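None of the values given here were measured: they were computed from a predicted structure.
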2 protein chains.
Amino acid sequence: MSKKYEYAFPMPSVTVDLIIFTIIKDQLCFLTIERKHPPFRGHRALPGGFLEVDRGETLDEAAQREAFEETNLKDLFIEQLYTFGDPNRDPRGRVITVAYYCLVPSGVKPVAGDDAKNAEWTPVYGVADMAFDHSKVVQVALDRLKGKIAYTNIAYQLLPKRFTLTELQNVYEIILNETLDKRNFRRHIMSRGLVASTKERRGGAHRPAKLFTFNQKTADSQLACLTSTS
Amino acid sequence: MSKKYEYAFPMPSVTVDLIIFTIIKDQLCFLTIERKHPPFRGHRALPGGFLEVDRGETLDEAAQREAFEETNLKDLFIEQLYTFGDPNRDPRGRVITVAYYCLVPSGVKPVAGDDAKNAEWTPVYGVADMAFDHSKVVQVALDRLKGKIAYTNIAYQLLPKRFTLTELQNVYEIILNETLDKRNFRRHIMSRGLVASTKERRGGAHRPAKLFTFNQKTADSQLACLTSTS
DNA sequence: ACAATAGTGTCTTTTAGACAATATGAG
DNA sequence: CTCATATTGTCTAAAAGACACTATTGT
């Protein structure tokens, strides 16, 4: 392959990296792949790839494309997180990466281990030794997630369409890493008007719990003042 | 100048753009330059420039460098805002811009009109017709500023080292674009412990007001949980 | 009936909002 | 003493926090 593109100045590469969060067995996890080649061979890394300039894709589209490649799911919740561009973050050259975080409901399986990748869900606590600056990227994503869950409705992205309030509370507790009072939590959620109760119930071993859905109408109006990437 | 740098794929350019806010005559303003060449000749644009890959500068350093070029001030408050990369945002080619916002105290003069630039402070309300996607960038910056002023101490960046509480309230009112109750505002600010009163007073036409300073100690601890770009 | 989870009510504390009179210093 | 701005206090309303018992279903 010959080098066909010429520039008067050295150009940085632009990649999009993804922190795909999900909840597995009461743990907040994110998707990692194993690097099969240097640098950082054998270390775990965030999924990501080059922005495909020749396709004319936007950054958001690149993030959605990568997310689809890993999960086979379209139109996932993604949001730009931060752009990392320290000169030494990649030993091969100057690489600017625009990081996005993504939330998927429990139960999603990573796209099968394409030999080259070996994708796995990894618990967020106690990850070390990631490739590049990815440990830092994950930390920033986690901070953002913690910050945003308090005043947005993104938690719903981690649950199926119908869920119980106990399940919702679990999501909050897992992300915030603290226990919440059941009564206060329910009052808080209900007063927001973001959930609507259905007539269905989830039968477990004991008293069945009401199933709720995310109330799109009120959510949209509330999100209007929240989506400003703040 | 020959094109010396070759790549196997088309590369995007990476620029850093700045929204430099200040307050002038009770108006929130930001720095614009006039474009002297196409595209968008004659339109106003945000100051910015290419990331200098050969110098090995970080994104933050590039932002500080640009800010210095425009204001002659070092170590200004800057924070990464968002990365814009739509394929058609610059008609000359694929340009990814990492936007930073920056806050400077009142009274700073833009670096003199270097012919090529003609820098000016422009009120944030009623800006239209900016070059590229810069109107959108400014809107995002303004939303972020409004969001952050409520729960961080960034407002102090817009004031001199010593300021009166009335001046501080003015900053809040100008940014939020609403009036605030004087007593409630003062209670709110004082309860945060972010300001320390000095023994000096500012003599105006009438009763002199106490001068306050930003209280770095408490600020640092409070900032610790706020600087996570959330 | 019992085990296990779902669901609810009240008091207290804190924070935010509305509101107007007094204090001080320059001229 | 007058003008202009600085400064302060209280009542009310809303939100957050602490806390424990009853309800429902499967087994």
S.K.: Should the pair Glu69(A)-Arg65(A) be classified as a salt bridge under the 4.0 Å nitrogen-to-oxygen rule?
M.R.: yes
S.K.: State, without any angle test, whether Asp143(A) and Gln139(A) hold a side-chain donor-acceptor pair at a distance under 3.5 Å.
M.R.: yes
S.K.: When you match Asn184(A) and Pro208(A) each to their closest nucleotide on DNA chain D, which lands nearer the 5' end?
M.R.: Asn184(A)
S.K.: Just checking Tyr156(B) against Phe163(B), ring centres under 6.0 Å apart?
M.R.: yes
S.K.: Assign the ring pair Phe40(A) / His43(A) to parallel, tilted or perpendicular, where the plane angle (0 to 90°) is split at 30° and 60°.
M.R.: perpendicular
S.K.: May I ask you to decide if the ring planes of Phe185(B) and Tyr172(B) are parallel, tilted or perpendicular, using 30° and 60° as cut-offs?
M.R.: perpendicular
S.K.: Could you check, using the six-membered ring where one of them is a Trp, whether Phe30(A) and Tyr101(A) have ring centers closer than 6.0 angstrom?
M.R.: no
S.K.: Nearest 0.5 angstrom please: Leu46(B) CG to Glu66(B) CD, how far?
M.R.: 11.0 Å
S.K.: Map Leu211(A) and Arg187(A) onto DNA chain C by nearest heavy atom, then report which one ends up closer to the 5' terminus.
M.R.: Leu211(A)
S.K.: Is the backbone of Pro105(A) close enough, under 3.5 Å, to the side chain of Thr22(A) for a donor and an acceptor to pair up by distance?
M.R.: yes
S.K.: Closer than 3.5 angstrom, by distance alone: can the side chain of Thr97(B) be matched with the main-chain N or O of Phe84(B) as a donor-acceptor pair?
M.R.: no
S.K.: Walking along DNA chain C from 5' to 3', note the first and the last nucleotide with an atom under 4.0 Å from a heavy atom of chain B, and give both.
M.R.: dA16(C) to dA26(C)
S.K.: Separation of Arg207(A) atom CZ from dT24(D) atom C1', in whole Å?
M.R.: 4 Å
S.K.: Kindly state which residues belonging to residues 158-168 of chain A come within less than 4.0 angstrom of DNA chain C, counting heavy atoms of the residue only, listed by number.
M.R.: Thr166(A)
S.K.: Take atom CD of Glu200(A) and atom P of dT25(D), then tell me their distance rounded to the nearest Å.
M.R.: 16 Å
S.K.: Please list, in numerical order, the residues of residues 171-183 of chain B that have a heavy atom closer than 4.0 Å to any atom of DNA chain C.
M.R.: Asp181(B), Arg183(B)
S.K.: Within the distance-only criterion (no hydrogens, no angle test), does the side chain of Arg35(A) pair as donor or acceptor with the backbone N or O of Ala131(A) below 3.5 angstrom?
M.R.: no
S.K.: Output yes when at least one side-chain N/O atom of His206(A) is less than 4.0 Å from OP1 or OP2 of dT24(D), else no.
M.R.: no
S.K.: Given atom CZ of Arg201(B) and atom P of dT5(D), what is their separation to the nearest angstrom?
M.R.: 17 Å
S.K.: Roughly, in whole Å, what's the span from CD1 in Ile189(A) to P in dA16(D)?
M.R.: 11 Å
S.K.: Looking only at heavy atoms, what is the nearest atom pair of Glu70(A) and Ala119(A), with distance?
M.R.: OE1-CB, 4.2 Å
